[in-house]
Visitor: 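Handing you this structure, nothing more for now.
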Amino acid sequence: VSAAAVDGARPSPLAALRRRLPAPIYLVLVLVLVAIGVASPGYFADASSLLFLLKLSVPLMLVTAGELFVLVGGEFDLSVGSLITLVVVVAAQLVNNDPARAWWVMLLVIGIGVLVGLLNGLITTRLRVPSFIATLGMLLIIDGAVTLWTTGAPRGALTANFRMWGRGSIAPVPVIGALPRDLVVLVVAGAVAILLLHRTTFGRQLTATGGNPRAAALSGVDVPAVRTLAFVLSGLFAAVAGILVGGLFPITAHPGRGYEFQAISAAVLGGAVLGGGKASMAAGMTGALTLQALFTLLNVVGLPNPLRAAVQGVLIVGAMAFAAYRLRRSVA
Amino acid sequence: MARTLALGPVDGAGLRRALAGSSSAPVWAALAFIFVAAALAVGLRGGQFLTVHNVTDILVRSVALGLVAVGQTFVILAGSLDLSVAYVVSVSAVAASVMMAGDPALIPLGVACSLAVGLVVGVVNGLVVTKLGVHPFIATLGMSLVLQGLIYAAVNDFVGAVPVQFQALAYDGVGPVPFAVLLLGAAVALAWFTLARTRFGFHLYAVGGSAQTARLSGIRSHRVVIAAHVICAAMAAITGLFIVSRLRSGAPWVGTDGAYDLESIAAVVLGGTVLAGGRGGVLGTLAGVLILAVLDTAFNQLGVDPFLKSVLRGVILIAAVAISALRVARSPA
């Protein structure tokens, strides 16, 4: 119950207006883009830099979309980064320069993603291990298994028909000429994610579960099943992101390192509440784009590499503090 | 349950019941079981597990993680979390190493600088979590990014040196007992006393159980959480001092190499402390740390591949927490 309701006062018209405005993350994104333009006036002269920025963000946006399902349900998934590493390294080794293998390897790694998500979900819901620990354990297992298998250095190589999902285009397309494949993946996956979270029974049940699992269970929600499905989606989205990472970047020993923390930061920047019950899929994915734009901005400004991390930390915490302040004011 | 216990300066009965309910006995039993299993496994391979050297090795291995985990226990009990400890360890180690510069006369200055780092980080973490209302996961993750950026902007390699006298902390001891083990023992004893016997400890359990209820009962919950963060960061700083005394010089990666952030949380939860706060204790944490160290030593003696070790740790972590969760679910509430 808000204090205003207790006092019998009507909520101020300003507060009502604020509720109708789009999430602040969109404004932040515009500000960051403007800042990039100011810091480097030539940056957006060529439309391809904007496209490049978007392409760089696609994997993180997909991981964030998956992570957001888990966060809305009130859990954490710390295993998505190691899952991306697993996907890239396994794919490189299995495809091993044979184009004929690309398709079934792609299906296989997506299957691995689903399986890892299913395991995370079952361990969390059936064995009652807190998801923080369950997915941390999964991270240790996957990282160890990958390095064990590759003995430290990834081998093999991805073929063009595997990498095209991260770097190729569909051409010819009328009017625009060529359509980058990863953007097609982003639009399709993003639309599916938005619909799943905001327009289906599953999405509403998941949100209710994150808000109050007991109340959700008493209203007939199968809480363990809904949460498990959220983990499966997180694994699936991370695996798809892994395929794109394999296409977009050179293959390294740990291509997925750090994605879990970036995805959680991005989701939270987009207004997701840790602990569950409140999040917007579109805003969360915009948070990922904003985070990537922020990396670009710090790069363009010419900040020494280590200090970028420091500024990033201050900005994320500052944004969250501002959001918490707004929330307190709107409640008071 | 800690959530419903009666509060107040006089009534300790409910709290004592809550503490008894969160006894660390099962974790110590698990530790004994794992120790015997490890000794058998090594023994069957013709090795010798139960030697003074091995037991000392297990204890010394436990010191660094143990010190961080003791501090982490405080923040987790308070319902918070600290992901910045790994970089606090690094910054503290580098600060001590640079300040001492190999001169025994500067030891106090180096120690003071390290502790100051812990104090500042702890206060900032606590203030951001309580006064600014930022979720501790994000607040301390942000702090860890800030510390990472600052330290790598300043140094890129081993810098400074600690004098030989300071290395005694890692390499000398009283008779067969290394100073480091005494340090961990003292830290655990002090932490246990603080949590189980002082007003601050009672308040910490209350705030972790329900910050709202605690506040309505007259506890200044913000102060309690800030104090917990200061204790946690200070313990991480002390860990940095121990590590730098062992390595003789500090480098920016000494904290992250040990993965002290996630490992300390794992040890605390392994020790039976509930991640949501309000239930658990530091004795369980010690057992959790020792379990990880026993496994580590046994795997090394058995010649297990280091990466397979990571896999096994993950499996054991999940299995151990699952078993204790099932035990809690079965026991009558």
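Quick note: numbers below take in every heavy atom, side chains included, and nothing from hydrogens, waters or symmetry partners. A note on names: the letters A, B, ... follow the listed sequences, proteins ahead of strands, and every chain is numbered from 1.
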Visitor: Contact part of A/Leu78 toward chain B, heavy-atom cut-off under 4.5 Å: side chain, backbone, both or neither?
Guide: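 The side chain, not the backbone.
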Visitor: What part of B/Leu308 gets closer than 4.5 Å to chain A, counting heavy atoms only: side chain, backbone, both or neither?
Guide: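 Interface part for B/Leu308: both.
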Visitor: Return the option, out of A/Leu315, A/Leu148, A/Ile142, A/Leu139, with the maximum number of heavy-atom pairs under 4.5 Å with chain B.
Guide: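 It is A/Leu148.
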Visitor: Would you mind checking which part of A/Val268 comes under 4.5 Å of any heavy atom in chain B, side chain (CB onward), backbone (N, CA, C, O), both or neither?
Guide: side chain
Visitor: Under 4.5 Å, counting heavy-atom pairs only, tell me which of A/Ile264, A/Val311, A/Asp143 racks up the most with chain B.
Guide: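 Looking at each option in turn, the highest pair count goes to A/Ile264.
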Visitor: With chain B as the partner, which of A/Val317, A/Val273, A/Thr147 has the greatest number of non-hydrogen pairs under 4.5 Å?
Guide: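 Most heavy-atom pairs under 4.5 Å with chain B: A/Thr147.
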Visitor: If I take atom CE from residue B/Met143 and atom CD1 from residue A/Ile316, how far apart are they, to the nearest 0.5 angstrom?
Guide: 13.5 Å
Visitor: For a 4.5 angstrom cut-off between non-hydrogen side-chain atoms, does B/Leu145 reach A/Phe261?
Guide: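 Heavy-atom side-chain distance check fails, nothing below 4.5 Å.
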Visitor: Quick one: what part of A/Phe322 sits under 4.5 Å from any heavy atom of chain B, side chain, backbone, both or neither?
Guide: neither
Visitor: Given side-chain contact (heavy atoms from CB on, under 4.5 Å), test A/Phe132 with B/Val269 step by step and report yes or no.
Guide: CA-CA 10 Å; A/Phe132 195 95; B/Val269 174; over 6 Å; no
Visitor: Relative to chain B, which of A/Ala310, A/Ala145, A/Ala134, A/Gly313 shows the most heavy atom pairs under 4.5 Å?
Guide: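 The residue among A/Ala310, A/Ala145, A/Ala134, A/Gly313 with the greatest pair count is A/Ala310.
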Visitor: Could you measure the distance from the NE2 atom of B/His135 to the CG atom of A/Leu274? Nearest 0.5 Å is fine.
Guide: 4.5 Å
Visitor: Taking the side chain as every heavy atom from C-beta outward, state whether A/Ile141 and B/Ile318 have any atom pair closer than 4.5 Å.
Guide: yes
Visitor: State, to 0.1 Å, how close B/Gly133 and A/Ala324 come at their nearest heavy-atom pair, and which atoms those are.
Guide: O-CB, 3.5 Å
Visitor: With only heavy atoms counted, which part of A/Ile133 is less than 4.5 Å from chain B, the side chain, the backbone, both or neither?
Guide: both
Visitor: Considering all heavy atoms of both residues, which atom of B/Ala266 and which atom of A/Leu136 are nearest to each other, and what is their separation?
Guide: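 For B/Ala266 versus A/Leu136, the nearest heavy atoms are CB-CD2, 4.2 Å.
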